[in-house]
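Residue numbers start from 1 in every chain, and the chains themselves are labelled A, B, ... in the order their sequence lines are given, proteins ahead of strands.
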Amino acid sequence: DTAVSQTPKYLVTQMGNDKSIKCEQNLGHDTMYWYKQDSKKFLKIMFSYNNKELIINETVPNRFSPKSPDKAHLNLHINSLELGDSAVYFCASSQGGEGGTQYFGPGTRLTVL
Amino acid sequence: AQSVSQHNHHVILSEAASLELGCNYSYGGTVNLFWYVQYPGQHLQLLLKYFSGDPLVKGIKGFEAEFIKSKFSFNLRKPSVQWSDTAEYFCAVMRGGSYIPTFGRGTSLIVHP
């Protein structure tokens, strides 16, 4: 049973395209996140969302937008893809009662050509 | 804003050597502290965490970490590393009452057999 799942695992696309990455968690957690990990392994939090409040890292371009159809899903939509968007994107979830322990998905490797 | 510093960016050890990875944070209030591990090609997984109580916490695979409040530190240790410990190690801090974690830049550990 996969706790946090992401699709697709790999995504290769051209500059200027729009793409989405889907994330689902079956843990019943109340908060979900998106992270970007660059080629140097630096992990940057992009968004957190707990079905009442969306917190956006102010350094994230507005081409990136999270969409949450329900509590178990937080999808990432990216408009007008750029070369610098190439990275691994991780979805994660947490539950307030666990002190913020992050449960990560398997990651989506995005390559922009 | 709080920050998390991991002093060692790259560590290379031989099997059976002892390991200590440094982690310091800047926030002075109540914090939850975490170490996550990312094996090659995989997602981040929780190694251990500290919320309260005994400042010496034990995690999976023989890892432990000690919270020293006066030094704002949460260093990770293992007395004898194995080749399978080769991975990226991330320290993370979450302020009490917050659900936004701050991650360090990570430490790449390579263990030679």
Subject >> CG (B:Asp54) with more than 12 external heavy atoms under 6.0 Å >> reply: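 Check passes, neighbour count above 12.
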Within the structure provided, determine whether [X] and [Y] are in side-chain contact (heavy-atom separation under 4.5 Å).
X: B:Tyr36; Y: A:Gln102; value: yes
X: B:Gln38; Y: A:Phe90; value: yes
X: B:Tyr99; Y: A:Gln95; value: no
X: B:Phe90; Y: A:Gln37; value: yes

Joint cluster assignment, [X] & [Y], ILVMFWY side-chain distance < 4.5 Å:
X: A:Leu43; Y: B:Val11; value: no
X: B:Val57; Y: B:Phe51; value: no
X: B:Val31; Y: A:Ile45; value: no
X: A:Tyr89; Y: A:Leu83; value: yes
X: B:Val81; Y: B:Trp35; value: yes

Original post:
About how many Å separate CG of B:Leu44 and NZ of A:Lys41, when rounded to the nearest 0.5 Å?
Top reply: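 One finds 9.5 Å between NZ of A:Lys41 and CG of B:Leu44.
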**OP:** Verify whether the ring centers belonging to B:Phe103 and A:Tyr35 lie closer than 6.0 Å.
**Re:**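 Under 6.0 Å, so yes.
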**OP:** Name the option with the most non-hydrogen atom pairs under 4.5 Å to chain A; the candidates are B:Ser108, B:Gly106, B:Pro101.
**Re:**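 If we count pairs closer than 4.5 Å to chain A, B:Pro101 comes out on top.
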Original post:
Which is it for B:Asn32 and A:Thr101 under the side chain to side chain contact (heavy atoms under 4.5 Å, CB included) test, yes or no, and what are the steps along the way?
Top reply: CA-CA 9 Å; B:Asn32 293 337; A:Thr101 302; over 6 Å; no
**OP:** Answer with side chain, backbone, both or neither: which region of B:Leu46 has an atom nearer than 4.5 Å to a non-hydrogen atom of chain A?
**Re:**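 Contact with chain A is through the side chain of B:Leu46 alone.
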Subject >> Contact origin within B:Glu88 toward chain A - heavy atom pairs under 4.5 Å >> reply: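 Looking at B:Glu88, just its side chain touches chain A.
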Subject >> Chi angles and distances behind the side chain to side chain contact (heavy atoms under 4.5 Å, CB included) call for B:His9, A:Lys40 >> reply: CA-CA 10 Å; B:His9 295 300; A:Lys40 295 183 178 180; over 6 Å; no
